[in-house]
Participant: 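Please read through the structure below; I'll follow up with questions.
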Amino acid sequence: QVHLEESGGGSVQAGESLRLSCLAYGYTYNTYRMGWFRQAPGKQREGVAIMNTFGRTAYADSVTGRFTISKDNAKATLYLEMNSLKPEDTAMYYCAIGPGATYNGSWTTGNGMAYWGKGTLVTISS
């Protein structure tokens with residue numbers, strides 16, 4: 001059974017940093033893509049960052065240069081390092097995994113991701 005569990009969320013002030021973690025195990029894909037997505041109240045879910053089996057990454061324009069996605073295979077954990085946080089980054093953050101390493105510009109929709117965690121809340125105050 002696939003397990004995805006996010007942690008690391010919290011309440012911080014604008015300009016500060018947070019690191020989110022996603023413990024991920026139980027999947028059997030030989031190749032895959034894993035990513036972070038977020039959903040703010042009253043808004044649609046949006047992709048934040050994605051990484052595939054081969055280390056290829058992509059970021060939403062709104063977080064490029066501020067967020068970094070990484071993975072520690074030994075710890076079965078996906079990370080999202082978030083710096084220079086802004087109030088508009090406030091959202092529930094989810095990690096997800098999907099089969100296959102290929103993704104295109106529509107990755108931000110989250111369509112095709114097969115498993116999702118329950119999320120961790122990030123609140124940024126100004």
Side-chain angles (χ1 to χ4, degrees):
Q1 186 172 356
V2 177
H3 179 90
L4 298 174
E5 181 178 354
E6 304 92 340
S7 61
S11 297
V12 299
Q13 292 195 326
E16 295 185 343
S17 300
L18 281 173
R19 187 176 78 160
L20 306 184
S21 301
C22 175
L23 176 63
Y25 59 85
Y27 54 92
T28 58
Y29 307 132
N30 289 325
T31 60
Y32 55 84
R33 57 202 185 279
M34 293 185 71
W36 289 96
F37 298 80
R38 67 187 181 186
Q39 187 165 20
K43 294 188 176 182
Q44 284 191 325
R45 181 184 66 199
E46 62 176 356
V48 177
I50 194 166
M51 169 181 274
N52 72 7
T53 320
F54 308 107
R56 178 188 173 216
T57 61
Y59 297 88
D61 289 344
S62 60
V63 306
T64 297
R66 299 189 299 124
F67 291 11
T68 302
I69 188 172
S70 62
K71 190 172 186 289
D72 186 331
N73 291 322
K75 296 182 178 180
T77 302
L78 182 74
Y79 298 102
L80 184 68
E81 185 75 36
M82 306 187 296
N83 298 315
S84 303
L85 283 161
K86 304 175 180 180
E88 51 263 44
D89 294 318
T90 294
M92 186 71 81
Y93 283 71
Y94 302 90
C95 68
I97 186 170
T102 302
Y103 59 87
N104 56 28
S106 66
W107 68 267
T108 56
T109 65
N111 293 339
M113 303 301 273
Y115 297 95
W116 295 78
K118 294 183 178 180
T120 186
L121 182 62
V122 172
T123 304
I124 313 301
S125 57
S126 57

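We use all heavy atoms of the structure for the numbers below, so side chains are in, but hydrogens, waters and symmetry mates are not.
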Participant: When rounded to the nearest 0.5 angstrom, what distance separates CG in L78 from CE in M34?
Facilitator: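 Result: 4.5 Å between the selected atoms.
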Participant: Does Y29 share a hydrophobic cluster with Y25, counting links as ILVMFWY side-chain heavy atoms below 4.5 Å and allowing steps through other members?
Facilitator: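 Not linked; separate clusters.
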Participant: Please answer whether the main-chain N or O of A60 pairs with a side-chain N or O of T64 as donor and acceptor at a distance below 3.5 Å.
Facilitator: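 Confirmed, T64 side chain pairs with A60 backbone.
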Participant: Only counting residues at least two apart or in another chain, list the ones meeting side-chain contact (heavy atoms from CB on, under 4.5 Å) with T68.
Facilitator: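 Partners of T68 under the side-chain contact (heavy atoms from CB on, under 4.5 Å) test: Y59, E81.
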Participant: Are I97 and Y93 grouped together when hydrophobic residues (ILVMFWY) are joined by side-chain heavy atoms under 4.5 angstrom apart?
Facilitator: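 They do share one cluster, since a chain of ILVMFWY contacts under 4.5 Å joins I97 to Y93.
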Participant: Can you tell me how far the OG1 atom of T77 sits from the CG atom of L20, to the nearest 0.5 Å?
Facilitator: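 CG of L20 is found 12.5 Å from OG1 of T77.
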Participant: Taking distance alone, no hydrogens or angles, what donor-acceptor pairs closer than 3.5 Å link side-chain atoms of residues 41-49 to residues at least two apart or in another chain?
Facilitator:
from: R45; atom 1: NE; to: T109; atom 2: O; distance (Å): 3.4
from: R45; atom 1: NH2; to: T109; atom 2: O; distance (Å): 2.8
from: E46; atom 1: OE2; to: R38; atom 2: NE; distance (Å): 2.6
from: E46; atom 1: OE2; to: R38; atom 2: NH2; distance (Å): 3.1

Participant: Side-chain heavy atoms under 4.5 Å apart, restricted to Ile/Leu/Val/Met/Phe/Trp/Tyr: what other residues fall into the cluster of Y79, or is it alone?
Facilitator: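 Same cluster as Y79: nobody, lone residue.
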Participant: Hey, are the side chains of Y94 and L4 touching, using non-hydrogen atoms and a 4.5 Å cut-off?
Facilitator: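 With C-beta onward as the side chain, the pair stays apart.
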Participant: Is it the case that one hydrophobic cluster holds both L85 and V63, taking links as side-chain heavy atoms less than 4.5 Å apart, direct or via other members?
Facilitator: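 In one cluster with L85: V63, yes.
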Participant: Applying side-chain contact (heavy atoms from CB on, under 4.5 Å), can you list everything that pairs with N30, at least two apart in sequence or on another chain?
Facilitator: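 For N30 there are no side-chain contact (heavy atoms from CB on, under 4.5 Å) partners, ignoring immediate neighbours.
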Participant: By the side-chain hydrogen bond (donor to acceptor under 3.5 Å, both in side chains) test, which pairs, at least two apart or in different chains, include something from residues 96-108?
Facilitator: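 Output for this query lists N104-S106.
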Participant: Which pairs count as side-chain hydrogen bond (donor to acceptor under 3.5 Å, both in side chains) when at least one residue sits in residues 9-22, sequence neighbours excluded?
Facilitator: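 Checked against side-chain hydrogen bond (donor to acceptor under 3.5 Å, both in side chains) - neighbours excluded - the pairs reaching residues 9-22 are S17-N83.
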Participant: Report the residues that fulfil side-chain hydrogen bond (donor to acceptor under 3.5 Å, both in side chains) with N52, sequence neighbours left out, ordered by chain and then residue number.
Facilitator: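 Counting only residues at least two positions away or on another chain, N52 forms no side-chain hydrogen bond (donor to acceptor under 3.5 Å, both in side chains).
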Participant: Measuring from atom CG of L80 to atom CH2 of W36, what distance do you get when rounded to the nearest 0.5 angstrom?
Facilitator: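 Atom-to-atom, L80:CG and W36:CH2 are 6.0 Å apart.
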Participant: Not counting sequence neighbours, list each pair that qualifies as a salt bridge (Lys or Arg N to Asp or Glu O under 4.0 Å) and has a residue in residues 55-77.
Facilitator: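 Qualifying pairs: R66-D89.
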Participant: Which side-chain N or O atoms in residues 112-126 pair as donor and acceptor under 3.5 Å with protein atoms at least two apart or in another chain?
Facilitator:
from: W116; atom 1: NE1; to: M113; atom 2: O; distance (Å): 3.4
from: T120; atom 1: OG1; to: G9; atom 2: N; distance (Å): 3.0
from: S125; atom 1: OG; to: V12; atom 2: O; distance (Å): 3.4

Participant: Between F67 and L18, does the side chain to side chain contact (heavy atoms under 4.5 Å, CB included) criterion hold? Intermediate values first, please.
Facilitator: CA-CA 10 Å; F67 291 11; L18 281 173; over 6 Å; no
Participant: Among pairs that include at least one residue of residues 7-87, which meet disulfide (SG to SG under 2.5 Å), considering only residues two or more places apart or in two chains?
Facilitator: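 For residues 7-87: C22-C95.
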Participant: Mind jotting down which residue pairs meet the disulfide (SG to SG under 2.5 Å) criterion with at least one end in residues 30-83? Sequence neighbours excluded, please.
Facilitator: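 Sorted result for residues 30-83: empty, none.
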Participant: Quick one: salt bridge (Lys or Arg N to Asp or Glu O under 4.0 Å) pairs with a partner in residues 21-34, sequence neighbours left out?
Facilitator: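 Not a single pair qualifies under salt bridge (Lys or Arg N to Asp or Glu O under 4.0 Å).
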